[in-house]
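What follows is a short report on a single structure.
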Amino acid sequence: MNTQPFKTAIALFGATGDLSSRKLLPSMFHLFQEGSLKDNFVIIAVGRRDFSDEDFREMAEESISSNKKLENLDGLGSFLQHVFYVQVDIAESSTYKILKDRFEELEAQFDTAGNRLFYLAMPPQYFTVITDNLRESGVTDTQGSKRLIIEKPFGRDYDSALALNNEITNTFDEHEIYRIDHYLGKEMVQNIEVIRFSNSMFEPLWNNHYISNIQITSSESLGVLDRGEYYERSGAVRDMFQNHLLQIVSLLGMEPPISLNSDDIRDEKIKVLKSLRRVGEKDVKRHFVRGQYDEGLVDGEAVPKYRDEENVADDSNTPTFIASRLFIDNFRWAGVPFYVRTGKRMKEKETKIVVEFKEVPKNLYYQAEEDDVLAKNLLVIRIQPDESITLHLNVKDYAGEKDTKEIKLSYTVAKQDLSRTVDAYENLIYDCLNGDSTNFTHQEELMNAWAFVDPVNKVWENSPAAFPNYQSGSSGPVKSTLLVSRDGFKWWDV
Ligand code: BG6
């Protein structure tokens, strides 16, 4: 917990939208409850609608009180006294004067030291209009710090991401830009570094001498819900793979940083993304599998196929599933495949990492019995829904007939620890207020991730697939199984 509450004024663009109501306002309220925000902060909600402060406060109150992760609503009345609303037409530069005046008036009233945070919970087409207008109307001229939080997607390929960044950096320097990847706010994702670098037993084994392959699965049972329009433009590659999953790959693959300083950590992550073996267009088929969900049963309920979802084309070629086989071409990882998959409408909601270790150099057991083998040593890091770490080992089978049996050493994060924050967003907003950009995507990470996925998108967008090719409620297309089995491995269902 922060002992010094932050002094800050937050302009929340898209304040009446879904993200603000489900995640951002509850997270900010919880930061208030636990003392990180106290007397010297204001939230200026920015929106198109003609609302008064009171109208918006009512809306915020409703969003916050319907959040199930909050244990109580103590202090909600006082929190709302720090919340204000301004009506701005974001495309109209003259209206930004209202925001500037409001900042100045409220900063004086709440003594926020001129620190301004601009949170754009907005579709990406508005990013540069807003940052340009903020600069031109002088809203970003402040005595304190100025910071920008933006939500993905940051561009839709390498070129557009570069252009976007060039525009934004006219107003904000790289160190002032906080690109949200909410997976980096998840406790268990942050735990990857701790597990690796605070235990002496993993690091010596964390390489191609002892690890045979690493698997990352992020499956969702939900479909695209009401986001068909967005999803049609994005698909699984841009929605999950290019950002959340490649971030996890870089945390698993990075070298130990020289310190926990944000730049030191991000330097190491960037190196991993740079070392990803680029897959040329002709090799996409060998390394990537795409899928789109058909109708089926999820949790016992019949669900429609992707092409029947709202705002989705009848002949949509958008992948809702991707499986891939990646290689990090450096000394540590040469030859170790990283299998990464994500999909919507799969059998369950789950994000996990499985590190599979190589077999012992000589198996002294089961030499005669062909069917019996030693269990594989696995390290399973479960990110959600439960958060746990499990190590699969072999021990003597005292009671049974075999020589050995598999056991699992497991640690599950305790419930009281889980409820410390309302959401990954709370961690990230806290970090940004604290000026800590470790858990945000650096421009170079972004560009390397796009450079890696661009050929895949290009090939897939130019060749219609035989969709749908997996049933809702399944584990994805058959070809995804083959991608792994061809190398002599299997997706671990653990
Ligand atoms: C978002 C994607 O970034 O992540 C969504 O846009 C996806 O499509 C979501 O459902 C998954 O996040 P989580 O935290 O529920 O795993």
Side-chain angles (χ1 to χ4, degrees), residues 14 17-24 26-27 67-69 119-124 149-156 178-192 216-249 251 290-293 298-299 303 306 309-312 316 318-322 340-353 381-388 413 418 421-429 439-441 445-446 449-450 453 457 472 476:
D18 183 55
L19 181 69
S20 297
S21 105
R22 276 189 313 115
K23 309 263 185 179
L24 306 182
S27 293
N67 188 292
K68 298 203 173 58
K69 289 289 283 290
Y119 198 128
L120 309 193
M122 300 285 294
I149 297 188
I150 45 176
E151 286 286 334
K152 79 170 191 359
F154 314 116
R156 50 178 293 107
Y178 291 74
R179 297 179 192 82
I180 289 257
D181 184 313
H182 79 281
Y183 267 51
L184 295 180
K186 292 186 189 283
E187 300 281 355
M188 251 322 171
V189 173
Q190 299 185 353
N191 215 341
I192 296 173
I216 305 168
T217 299
S218 188
S219 61
E220 295 187 80
S221 50
L222 292 177
V224 288
L225 307 174
D226 56 358
R227 296 164 76 221
E229 197 185 323
Y230 151 79
Y231 202 84
E232 277 285 87
R233 277 181 280 119
S234 122
V237 185
R238 295 187 178 91
D239 188 50
M240 293 287 291
F241 183 84
Q242 180 269 351
N243 34 72
H244 307 323
L245 296 180
L246 288 184
Q247 282 290 340
I248 296 180
V249 169
L251 288 168
R290 56 179 157 169
Q292 187 189 79
Y293 59 84
V298 174
D299 295 332
V303 294
Y306 176 69
E309 301 276 16
E310 211 178 308
N311 295 323
V312 168
S316 172
T318 303
T320 60
F321 174 96
I322 172 174
V340 181
R341 62 179 168 168
T342 180
K344 294 216 179 267
R345 282 283 187 237
M346 301 192 42
K347 71 171 189 279
E348 60 194 331
K349 166 86 179 163
E350 177 186 51
T351 305
K352 70 177 175 210
I353 298 160
I381 302 174
R382 198 172 301 277
I383 294 167
Q384 56 190 17
D386 305 324
E387 302 179 21
S388 64
V413 180
L418 284 177
T421 55
V422 206
D423 194 86
Y425 274 93
E426 182 180 337
N427 290 332
L428 296 174
I429 296 170
N439 292 313
F440 294 84
T441 310
E445 295 175 71
L446 177 68
W450 279 124
V453 301
N457 280 325
S472 284

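Counting starts at 1 for both ligands and their atoms, in listed order.
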- Message: How far is atom 15 (O) of ligand 1 from the closest protein heavy atom, and which atom is that?
- Response: Lys349 NZ, 2.7 Å
- Item | Atoms in ligand 1 flagged as close to Met240, the criterion being non-hydrogen separation under 4.0 Å | 4 (O), 7 (C)
- Side chain of Arg345, backbone of Ser221: donor and acceptor closer than 3.5 Å? yes
- Which heavy atom of the protein is the closest neighbour of atom 8 (O) of ligand 1, given with residue, atom name and distance? Asp239 OD2, 2.6 Å
- Answer with yes or no whether Tyr231 contacts ligand 1, where contact means a heavy atom under 4.0 Å from a ligand atom. no
- Query: CD1 of Ile353 to CD1 of Ile383: how many Å apart, nearest 0.5 Å?
  - Reply: 4.0 Å
- Item | Worked check of side chain to side chain donor-acceptor pair (under 3.5 Å) between Glu350 and Ser219 | CA-CA 5 Å; Glu350 177 186 51; Ser219 61; 4.5 Å; no
- Message: So if I apply the side-chain contact (heavy atoms from CB on, under 4.5 Å) rule between Val312 and each of Glu229, Arg227, Glu232, which one comes out positive?
- Response: Glu232
- Is a side-chain donor or acceptor of Thr351 paired with a backbone partner of Gln384 at a separation under 3.5 angstrom? no
- Task: Output yes when the distance from some N or O of ligand 1 to some N or O of Thr351 is under 3.5 Å, and no in every other case.
- Result: no
- Could you tell me whether Lys152 and Asp239 make a salt bridge, using a distance below 4.0 angstrom between a side-chain N and a carboxylate O? yes
- Query: Relative to the heavy atoms of Glu220, which atoms of ligand 1 are at a distance of less than 4.0 Å?
  - Reply: 7 (C), 10 (O), 11 (C)
- Which of the atoms of ligand 1 are close to Lys186, meaning less than 4.0 Å from one of its heavy atoms? 13 (P), 14 (O), 16 (O)
- Task: Starting at CG of Asn191, measure out to NZ of Lys186 and round the result to the nearest 0.5 Å.
- Result: 14.0 Å
- Would you confirm whether Gln190, through its side chain, and Leu184, through its main-chain N or O, come within 3.5 Å as a donor-acceptor pair? yes
- Note on the structure: of all protein heavy atoms, closest to atom 16 (O) of ligand 1 is Tyr183 OH, 2.5 Å
- Among protein heavy atoms, which sits nearest to atom 12 (O) of ligand 1, and what does the distance come to when rounded to 0.1 Å? His182 NE2, 3.1 Å
- Looking only at non-hydrogen atoms, the one of Arg227, Lys152, Arg238 nearest atom 5 (C) of ligand 1 is Arg227
- Contacting atoms of ligand 1, where contact means under 4.0 angstrom from a heavy atom of Lys344: 5 (C), 7 (C), 8 (O), 10 (O)
